[in-house]
Protein chains: 2
Amino acid sequence: MRVSDLVSQAILDLLNRQNGSAEIRRNELAETLGCVPSQINYVITSRFTPEHGYVVESRRGGGGYIRITRVRVDRSTAVMHLVNSVGDAMDYPTARAIIGNLKEQQFIAPQTAAVILAAMSDRCYAGLPASARDGLRAALLKQMLLHTL
Amino acid sequence: MRVSDLVSQAILDLLNRQNGSAEIRRNELAETLGCVPSQINYVITSRFTPEHGYVVESRRGGGGYIRITRVRVDRSTAVMHLVNSVGDAMDYPTARAIIGNLKEQQFIAPQTAAVILAAMSDRCYAGLPASARDGLRAALLKQMLLHTL
DNA sequence: GAATTTTTGACCTTTTTTGACCTTGACTTT
DNA sequence: AAAGTCAAGGTCAAAAAAGGTCAAAAATTC
């Protein structure tokens, strides 16, 4: 079994045992699994992505941690579907449509919708080449949508 | 639990018990919490800043003290003030402090806070040079905050 | 055998903890 | 009043404690 599978399995175990949320110490986990710490990052960035339905938060420094949360699939199905369909580029009109839809269906609060839409505005990307904007918009939208779950 | 969390908790307790204002003796508090005195300063400068919504006053010498006061202003004033104080660069820790405070004071809903915070995350700016990130973060934060009004 | 995925390790950034040394203010003594 | 003493709090930098990044090497997959 590959190291990455071990790591992945360990995280999945934790998630299952603690109904969908796991907080790990990177170095500690790496130690118990006998791998280098950065392997943990690799596994997280390759298998616990927004597309896979996970939210990852972390802090450095003393007492630091990495928290991985699996988003539950109930109302979330709609959101997850959207997140998966976003891809790696997103233009403003499409974003507006998506957000409007979510609000329409009351999956996100009006304030949330307004805030997300604000982040999609070209106003935020002044100075950036058009090419870069759509990529950022996609990343931001996915990240934000997942955090509404 | 980190020492800094203990200190922070102790101060928060005092603030709550005395509706928003606490006066402490640095050495005494350090003594009861079993930490070095300068740890108190660390916690205050890192977590009881203006961004977090606190005013701190102190006096040295015999009978010295440190007084921490939670400031309360109305919502739009607070938001406008913040928007104005955000320059053209914003780092993640500061953004976290600002958003945390807004949520704390119930100026923005938890979902809104989570969404904005998600947009501040470095995870959204993968591949971009560090220099560009802080500028984007500032633009996004301002834009989003304004849209909560 | 080219392309993709995995593994590693060297190096970086952030956050916390601690302690040595500094400054200030109130009170006492000359 | 000036000087001295002691009781606070303040500063700063080093060390420690985490996690993050990136690119080269190795292994797999097609």
Side-chain angles (χ1 to χ4, degrees), chain A residues 1-11 22-49 51-52 54-68 139 143, chain B residues 1-11 22-49 51-52 55-68 89-97 100 117 120-134 137:
Chain A
M1 202 183 217
R2 289 177 301 206
V3 176
S4 52
D5 289 331
L6 283 177
V7 174
S8 167
Q9 196 50 60
I11 294 174
E23 192 167 304
I24 64 173
R25 301 307 185 82
R26 190 181 75 145
N27 292 338
E28 195 185 279
L29 181 59
E31 173 86 30
T32 55
L33 296 178
C35 69
V36 294
S38 58
Q39 177 70 233
I40 310 288
N41 296 76
Y42 171 64
V43 171
I44 288 173
T45 53
S46 66
R47 308 193 198 175
F48 291 85
T49 66
E51 280 77 7
H52 285 97
Y54 295 93
V55 167
V56 177
E57 298 153 289
S58 65
R59 279 197 86 168
R60 309 187 188 194
Y65 61 82
I66 300 178
R67 184 163 44 228
I68 301 160
Q143 208 65 34
Chain B
M1 205 185 209
R2 290 177 293 211
V3 175
S4 53
D5 290 331
L6 284 177
V7 175
S8 166
Q9 197 52 60
I11 294 174
E23 192 167 304
I24 64 173
R25 302 305 186 79
R26 189 180 76 144
N27 292 337
E28 192 185 282
L29 181 58
E31 174 84 31
T32 54
L33 296 179
C35 70
V36 296
S38 58
Q39 177 71 232
I40 310 290
N41 297 78
Y42 170 65
V43 171
I44 288 174
T45 54
S46 65
R47 308 193 196 175
F48 291 86
T49 66
E51 278 80 12
H52 284 92
V55 166
V56 177
E57 301 153 286
S58 66
R59 280 199 97 173
R60 309 188 188 193
Y65 61 85
I66 299 178
R67 182 164 46 228
I68 300 161
M90 172 60 48
D91 60 86
Y92 183 74
T94 305
R96 187 174 56 205
L117 199 56
M120 296 294 99
S121 162
D122 257 336
R123 269 175 245 285
C124 293
Y125 310 108
L128 264 75
S131 53
R133 297 180 183 195
D134 288 356
R137 242 191 292 265

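As a basis for the values below, the full set of heavy atoms in this structure was taken, side chains included, without hydrogen atoms, waters or symmetry mates. Per chain, numbering begins at 1; letters A, B, ... match sequence-line order.
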Using only modelled atom types and a 3.5 angstrom limit, is any donor from either the side chain of B:Ser38 or the base of C:dG19 paired with an acceptor on the other?
yes
Side chains of A:Arg26 and A:Ser58: any donor to acceptor distance under 3.5 Å?
no
From C-beta outward on A:Arg59, which listed nucleotide comes closest to its side chain: D:dG10, C:dA26, C:dT16?
C:dT16
Without decimals, in angstroms, what is the distance between B:Leu128 CG and D:dC22 P?
11 Å
When the nearest nucleotide of DNA chain D is assigned to B:Ile66 and to A:Gly61 on a heavy-atom basis, which residue is associated with the more 5' position?
B:Ile66
For B:Tyr42 and C:dT17, is the shortest distance between a side-chain N/O and OP1 or OP2 below 4.0 Å?
no
Applying a 4.0 Å non-hydrogen cut-off, can you work out what A:Pro37 is touching in the nucleic acid: base, sugar-phosphate, or nothing?
nothing
B:Glu31 CD to D:dG9 C1', straight-line distance once rounded to whole Å:
16 Å
Would you please say whether a donor-acceptor pair under 3.5 Å links the side chains of B:Arg25 and B:Thr32?
no
Report yes or no: does B:Thr49 contribute a side-chain atom to a donor-acceptor pair with the main-chain N or O of B:His52 at less than 3.5 Å?
yes
Distance below 4.0 Å between A:Asn27 side-chain N/O and D:dA17 OP1 or OP2
no
Separation of C:dT14 C1' from A:Asn41 CG (nearest whole Å)
14 Å
Do the side-chain N or O atoms of B:Ser46 get closer than 4.0 angstrom to the phosphate oxygens (OP1, OP2) of C:dT15?
no
Does the side chain of A:Arg26 get closer than 4.0 angstrom to OP1 or OP2 of D:dT21 through an N or O atom?
no
Hey, does A:Arg67 reach any base, or is it just sugar-phosphate, or nothing, if we go heavy atoms under 4.0 Å?
nothing
So A:Gly62, base contact, sugar-phosphate only, or nothing? Heavy-atom distance under 4.0 Å.
base
B:Arg25 vs D:dA7: side-chain N/O to OP1/OP2 distance below 4.0 Å
no
Given atom CG of B:Leu29 and atom P of D:dG10, what is their separation to the nearest angstrom?
13 Å
Figure out the CD/C1' separation between A:Glu57 and D:dG19, and round it to whole Å.
15 Å
5'-most contact on DNA chain C (nearest-nucleotide basis), B:Asp5 vs A:Ser4, goes to A:Ser4
Are any side-chain N or O atoms of B:Arg137 and backbone N or O atoms of B:Ala95, one a donor and one an acceptor, separated by less than 3.5 Å?
no
Please determine whether a side-chain nitrogen or oxygen atom of B:Arg60 lies at a distance below 4.0 Å from atom OP1 or OP2 of D:dG10.
no
Between CD of B:Gln39 and C1' of C:dG19 the distance, given in whole Å, is 12 Å
Quick one: is B:Arg96 getting a side-chain N or O under 4.0 Å of the C:dT15 phosphate, OP1 or OP2?
yes
Measure the CG-CD distance between A:Leu6 and A:Gln9 for me, rounded to the nearest 0.5 Å.
8.5 Å
Taking all heavy atoms of B:Leu128 and all of B:Arg133, pick out the closest pair and write down the distance.
O-NE, 2.9 Å
Round to a whole Å and report the spacing from CG of A:Leu33 to P of C:dT8.
12 Å
When the nearest nucleotide of DNA chain D is assigned to B:Thr45 and to B:Asp122 on a heavy-atom basis, which residue is associated with the more 5' position?
B:Thr45
Quickly work out the A:Glu23 CD to D:dG19 P distance and round it to whole Å.
10 Å
Over all strands shown, is A:Val3 touching base, sugar-phosphate only, or nothing at heavy-atom distances under 4.0 angstrom?
sugar-phosphate
